[in-house]
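A short worksheet on the structure shown next.
All heavy atoms count here, side chains included; hydrogens, waters and symmetry mates do not.
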Amino acid sequence: MYEILLVVYLIVALALIGMVLIQQGKGADMGSSFGAGASATVFGSSGAGNFMTKTTTILATVFFVLSIVLGNLTAGQIKKTDEWENLEAPAAATVAPAASDVPASSEDNKSSDVPN
């Protein structure tokens, strides 16, 4: 269920991006630069909206609804772990040094600069 909603969410998001990008802005026509642009009405000179604006509105609504649904599904799946839950000291790994790792004593080498 979650994966299907995620795929639908992706498709709706891409469709919404595409619909917004292919729409023509209000001031993009030739007459708008000379003062014949959108009138002072609430919806502008184009009326309440055409097919593209209605489709964009529907896609945006579906996008937000899917965002809320996916957020609620994800919130139930993720279990936050507390970093202070396990306060035990980690087990120290004790490894005995090899014979070649042990430095030579000062009695073997009298001319050494290493203090005793």
Side-chain angles (χ1 to χ4, degrees):
M1 175 76 174
Y2 179 76
E3 290 83 11
I4 294 171
L5 286 176
L6 202 59
V7 170
V8 171
Y9 182 70
L10 179 65
I11 292 170
V12 168
L14 292 174
L16 183 62
I17 291 169
M19 288 300 288
V20 168
L21 288 177
I22 63 174
Q23 288 184 23
Q24 183 178 7
K26 264 187 183 177
D29 54 347
M30 187 65 169
S32 66
S33 60
F34 300 109
S39 63
T41 61
V42 174
F43 298 111
S45 62
S46 63
N50 56 12
F51 169 74
M52 295 185 83
T53 57
K54 290 179 183 177
T55 305
T56 304
T57 304
I58 292 170
L59 284 173
T61 305
V62 171
F63 178 80
F64 287 123
V65 168
L66 282 174
S67 296
I68 293 170
V69 169
L70 286 172
N72 286 336
L73 288 175
T74 305
Q77 288 181 354
I78 297 175
K79 182 180 179 184
K80 187 174 180 178
T81 59
D82 188 13
E83 63 187 43
W84 298 99
E85 186 174 323
N86 186 7
L87 296 177
E88 294 178 5
T94 57
V95 177
S100 63
D101 291 341
V102 178
S105 67
S106 62
E107 289 136 7
D108 295 341
N109 188 4
K110 297 291 183 190
S111 64
S112 173
D113 293 336
V114 179
N116 292 342

- Note on the structure: Taken in chain and number order and not counting sequence neighbours, the residues that satisfy ring pair (Phe, Tyr, Trp, His ring centres under 6.0 Å) with F63 are Y9
- For the residue pair M52 and Q23, what are the closest heavy atoms and their distance? O-NE2, 3.2 Å
- Query: Is the CD1 atom of I22 crowded by more than 12 outside heavy atoms at less than 6.0 Å?
  - Reply: yes
- For L21, the side chain to side chain contact (heavy atoms under 4.5 Å, CB included) test, sequence neighbours excluded, returns I17
- Shortest non-hydrogen contact from L59 toward V12: O-CG1, 3.6 Å
- Item | Backbone of G71 reached by a side-chain donor or acceptor of T74 within 3.5 Å | no
- Linking I/L/V/M/F/W/Y whenever their side-chain heavy atoms sit closer than 4.5 Å, directly or via other members, would M1 and V62 fall into one cluster? yes
- Looking at L70 and L6, what are the two nearest heavy atoms and their distance? CD1-CD1, 4.0 Å
- Task: Under 4.5 Å between side-chain heavy atoms, chaining through other members, with only Ile, Leu, Val, Met, Phe, Trp and Tyr counted: pull out the rest of the cluster around I11, sorted by chain and number.
- Result: V7
- Looking at residues at least two apart in the chain, or sitting in another chain, which of them share a side chain to side chain contact (heavy atoms under 4.5 Å, CB included) with L14? L10
- Item | Atom pair OG1/CD1 of T53 and I58 - distance to nearest 0.5 Å | 9.5 Å
- Atom OG1 in T56, atom CG in N50: separation rounded to 0.5 Å? 8.5 Å
- With sequence neighbours left out, what residues match T55 under side-chain hydrogen bond (donor to acceptor under 3.5 Å, both in side chains)? none
